[in-house]
Amino acid sequence: MIDLSRFEQFSRHFDKELITEIIDVFIREYPARIDTLHKNIEELDFANLEENIHGFKGAISNFMAPEPVSLCRKLKDMARQRRSDGLEEIFLELKSATEILITELRALR
């Protein structure tokens, strides 16, 4: 999931403590973020979904994990286009991919 080569290049520019804090914040905020995204999808609240998925994608981008970033882009595009077909399925893929990412991040800590 994590492109370790790219992540190491990125993290080399930062203090280990800062990287650990970024990981911890992401893991701590994940449940609320994923619940918010799911609520946006259930309510077909495309405006908030687009905004919230953008922020989520930005947070995930720190970890050089192309699969969840790509899924975030798909959700953002769907929200922008106001398309609900397949939205829940893409969300579930994102949730699964992000949970794998979290497992990997815990191991990296």
Side-chain angles (χ1 to χ4, degrees):
M1 174 87 34
I2 296 174
D3 182 333
L4 289 175
S5 174
R6 288 183 59 219
F7 183 73
E8 287 172 5
Q9 287 177 335
F10 167 76
S11 63
R12 172 174 2 154
H13 301 286
F14 301 96
D15 179 271
K16 172 86 169 130
E17 270 184 38
L18 178 60
I19 296 299
T20 301
E21 180 63 22
I22 291 169
I23 290 170
D24 289 346
V25 168
F26 179 77
I27 292 171
R28 185 173 52 248
E29 291 179 354
Y30 170 75
R33 284 180 176 251
I34 205 75
D35 286 347
T36 298
L37 292 172
H38 194 236
K39 182 180 178 202
N40 295 156
I41 289 168
E42 286 179 327
E43 296 175 355
L44 297 178
D45 183 350
F46 294 114
N48 281 318
L49 176 59
E50 186 176 352
E51 180 179 325
N52 291 324
I53 199 67
H54 178 77
F56 193 60
K57 180 179 73 67
I60 290 172
S61 294
N62 289 317
F63 308 117
M64 310 305 161
E67 183 181 348
V69 168
S70 175
L71 292 165
C72 286
R73 282 190 190 116
K74 285 182 185 178
L75 283 176
K76 186 175 179 182
D77 289 344
M78 293 174 81
R80 188 177 296 129
Q81 298 166 7
R82 309 300 193 243
R83 286 186 32 228
S84 61
D85 58 304
L87 201 55
E88 182 75 23
E89 291 79 9
I90 301 294
F91 168 77
L92 292 174
E93 287 181 52
L94 173 62
K95 184 176 179 183
S96 176
T98 307
E99 288 170 358
I100 292 168
L101 171 63
I102 288 171
T103 300
E104 292 181 3
L105 289 172
R106 285 188 173 125
L108 282 176
R109 284 189 85 259

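- A 4.5 Å side-chain heavy-atom check between K76 and R73 finds every atom pair outside the cut-off.
- Expressed to the nearest 0.5 Å, how far CD of E50 lies from CG of N40 amounts to 11.0 Å.
- Across all their heavy atoms, F56 and F26 have their closest contact at CE1-CE1, 4.1 Å.
- Around atom NZ of K57, more than 12 heavy atoms belonging to other residues, nucleotides or ligands sit under 6.0 Å away.
- Atoms CG and CG, on L49 and L75 in that order, are 6.0 Å from each other to the nearest 0.5 Å.
- Put simply, the side chain of F91 does not reach to within 4.5 Å of the side chain of I53, judged on heavy atoms.
- Residue I100 holds its CD1 atom at 6.5 Å from CD of E67, rounded to the nearest 0.5 Å.
- For D24, the side chain to side chain donor-acceptor pair (under 3.5 Å) test picks out R109, with sequence neighbours left out.
- Between A65 and I60, the shortest heavy-atom distance links the atoms O-CG2, 4.2 Å.
- Residues V25 and E21 have side chains in contact (heavy-atom distance under 4.5 Å, counting atoms from C-beta outward).
- Annotation: the span from M78 atom CE to S84 atom OG amounts to 7.5 Å, rounded to 0.5 Å.
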Problem set entry | CA sep, side-chain torsions, deciding dist, call: R12, Q9, side-chain contact (heavy atoms from CB on, under 4.5 Å) | CA-CA 5 Å; R12 172 174 2 154; Q9 287 177 335; 3.0 Å; yes

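- Applying side-chain contact (heavy atoms from CB on, under 4.5 Å) to S11 and the options I19, L108, I22 leaves one that passes, I19.
- Under the ring pair (Phe, Tyr, Trp, His ring centres under 6.0 Å) criterion, Y30 pairs with no residue at all, not counting sequence neighbours.
- With hydrophobic clusters built from ILVMFWY side chains whose heavy atoms lie under 4.5 angstrom apart, I27 shares a cluster with M64.
- Atom CD1 of I23 and atom CD of E104 lie 11.0 Å apart (nearest 0.5 Å).
- In this structure, P68 and M1 approach most closely via the heavy-atom pair CD-SD, 3.3 Å.
- Put simply, the side chain of T36 gets close to the backbone of A32: a donor and an acceptor are under 3.5 Å apart.
- Atom CZ of R33 is separated from atom CZ of R28 by 11.5 Å, given to the nearest 0.5 angstrom.
- Within 6.0 Å of atom CD in E17, 12 or fewer heavy atoms from other residues, nucleotides or ligands are found, so the atom counts as exposed in its surroundings.
- A donor-acceptor distance shorter than 3.5 angstrom exists from the side chain of N62 to the backbone of A59, with no hydrogens or angles considered.
- Applying the 6.0 Å contact sphere to NE2 of H38 captures more than 12 heavy atoms from other residues, nucleotides or ligands.
- You'll find the side chain of L105 reaches within 4.5 Å of the side chain of I2, heavy atoms only.
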Problem set entry | Residue pair R80, D77: steps toward the salt bridge (Lys or Arg N to Asp or Glu O under 4.0 Å) verdict | CA-CA 5 Å; R80 188 177 296 129; D77 289 344; 3.3 Å; yes

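- Shown here for F46 and A79, the closest heavy-atom pair between the two residues is CB-O, 3.5 Å.
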